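Naming convention: chains lettered A, B, ... in sequence-line order (proteins, then strands); numbering from 1 in each chain. Just so you know, these numbers come straight off a predicted model, no measurement behind them.
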Amino acid sequence: MSDLLVVEDLTVTFSTARGPVDVVKDVSFTVGRDETVGIVGESGSGKSMTSLAIMGLLPKGAAARGTIRLDGTDVLGASPRELRQLRGDRMSMIFQDPLSSLNPYYTVGLQIEELYRAHRGGSRAAAREVVVGALRQVGLPDPERRAGHYPHQFSGGQRQRIMIAMALVCSPSLLIADEPTTALDVTVQAQILRLLADLREQSGMGMVFITHDLAVISSIATRVLVMRRGEQVEYGTAEQVFAEPRHDYTRMLLDSIPRIDDPLDEVSA
Amino acid sequence: MTLLRAKDLTKRFVSRGPLGAKAAFTAVDRVSFDVRLGETLAVVGESGSGKSTTARMIAKLLEPSEGTLEFEGEDVTRAKGAALARFRGNVQVVFQDPFSSLNPRHTVERILMAPLVYQGIAPHGSRRAHAKELMERVGLDPDHSLRYPAQFSGGQAQRIGIARALAVNPKLVICDEAVSALDVSVQAQVIELLRRLQHESGFSYVFIAHDLAVVRQIAQRVAVMSKGRIVELGTTAQVFGDPRDEYTRTLLAAIPRIDPEWERRRRERA
């Protein structure tokens, strides 16, 4: 079976007053159906730009070259109209801050319903039923009533569940999750990670999970891409990257993680 | 020796509803703890647990609704004027976001000397020499003393914040999520710096954090807060190794961990 997502020699260039700057350089990886690939890096590593390039959501002044194919469709060569078709339908994205991705003036049910009908059409009543089902699937209690509430009426963890419901309402084959648990408390983070893993498994979609947190990546990804300053430092199975890192930078990152299970060493004077 | 004693500290915030009805919210509810000279006490909790409100009360940036605060045996709960100035000379704060807590239009030298100016303390030697000495202590290039905060990276800016806290030679430094905004490699360096500075100067830290793994690397004792109360307080070894409270156990279990087998193999190769 062919890969779901193929990224080959992806380079993202910003044109600045001082000339072009490559923020992503020659990055290549694939995502199979039914797997999670983690992209990990510190700030400025280019991990978010990589995901925005896949979604065709690069900011003004940025250009991507190389190859991005989703299920055989050329994403980089797609017209704006074709991209709008792909987004939300065959690929979806969730972000760190759900509040900035939701419109405060509309109920969450209506927002998901609009997205669904834009892609699938059909009656409002039919869409409403799908929306309530999606909200139930992400574990939101009392979804019939809660669909009529506004974004501010939910907690941070619930809002992220709503974003996930919105991302999955059209059953995409690829979900890109960009730091989806970074703003959440650790107990809520554990629930959301569990939910994403379960939903991915049930639906058989592929997932790209972007984070700065190596422990989070190790718990959810089957393969891991380590990025630094726009470059691909290391790419392998999670086991290989964590147990047998090949690159000094990966080793340094792993050595930097504060150990929850290790006691304090003496200060080396 | 007890440096700081918080006794039944309580903070209620009162808001007015649409019809003028008052509603009170108790953010911190009868919190008590001691900070000993030279130790690091961590206060951990999730958002809304009251840990930052507690930090602001013991830093005297916020008046408690009830309870008392003692510093070196003196009641400073309502300290004003000279007594408050003396307290500020002993207790300093390092904040989470270095850029929003450093004046962008002041040079590093001016930022570092500001606490001395407020305190009316003369710097060691010239202002410039003292600023350079502080910069060296926190691992910054002293030749950069006339630069502005925006010319530094996040980790370097946090070092400026730490240097500023040390300018008056305090006995207690309150770190409010001081390493939370930093990349993991930079975070490890700043934690190492904080530990080295304490080792050299013997002051105490109250270390406010949501990240338990970070806390484990720096604290000797830990207070776990939930819904405005301390649910567990003990040595770091006890709280992490043998947590007694149900909430502490939930919190510890929720932390993502790298497969210990992978960790073991990686270390064997190193």
Engineer: For chain B, which of A:S218, A:S219, A:G156 has the most heavy-atom pairs under 4.5 Å?
Structural biologist: A:S218
Engineer: Can you tell which part of B:S185 gets under 4.5 Å to a heavy atom of chain A, answering side chain, backbone, both or neither?
Structural biologist: both
Engineer: Does any backbone or side-chain atom of B:R257 lie under 4.5 Å from a heavy atom of chain A? Answer side chain, backbone, both or neither.
Structural biologist: both
Engineer: Residues of residues 189-196 of chain A under 4.5 Å from chain B (heavy atom pairs)?
Structural biologist: A:Q189, A:A190
Engineer: To the nearest 0.5 angstrom, please state how far the CD1 atom of B:I191 sits from the OG atom of A:S256.
Structural biologist: 9.5 Å
Engineer: Measure distances from A:L254 to the heavy atoms of chain B and classify the residue's part below 4.5 Å as side chain, backbone, both or neither.
Structural biologist: both
Engineer: Indicate yes or no: at least one non-hydrogen side-chain atom of B:W262 is less than 4.5 angstrom from one of A:E239.
Structural biologist: yes
Engineer: Less than 4.5 Å apart, side chain to side chain, heavy atoms only: is that true for A:V186 and B:H210?
Structural biologist: no
Engineer: Would you indicate whether the side-chain heavy atoms of B:R265 and A:E244 approach each other to under 4.5 Å?
Structural biologist: yes
Engineer: Can you see which heavy atom on A:I257 is nearest to which on B:I258, and at what distance?
Structural biologist: CD1-CD1, 3.6 Å
Engineer: For A:Y106, does the OH atom sit with more than 12 other heavy atoms under 6.0 Å from it, leaving out its own atoms?
Structural biologist: no
Engineer: Which atoms of B:R267 are under 4.5 Å from chain A, going by heavy atoms: the side chain, the backbone, both sets, or neither?
Structural biologist: side chain
Engineer: Mark yes when over 12 heavy atoms from residues, nucleotides or ligands other than A:E201 sit less than 6.0 Å from its CD; otherwise mark no.
Structural biologist: no
Engineer: Please report the shortest heavy-atom distance between A:E42 and B:V186, naming the atom on each side.
Structural biologist: OE2-N, 4.4 Å
Engineer: Rounded at 0.5 Å granularity, tell me how far OG1 in A:T187 sits from CG in B:L252.
Structural biologist: 11.5 Å
Engineer: Is there side-chain contact between A:P258 and B:V184, with heavy atoms separated by less than 4.5 Å?
Structural biologist: yes
Engineer: What part of B:Q187 is in contact with chain A, defined as an atom under 4.5 angstrom from a non-hydrogen atom: side chain, backbone, both or neither?
Structural biologist: side chain
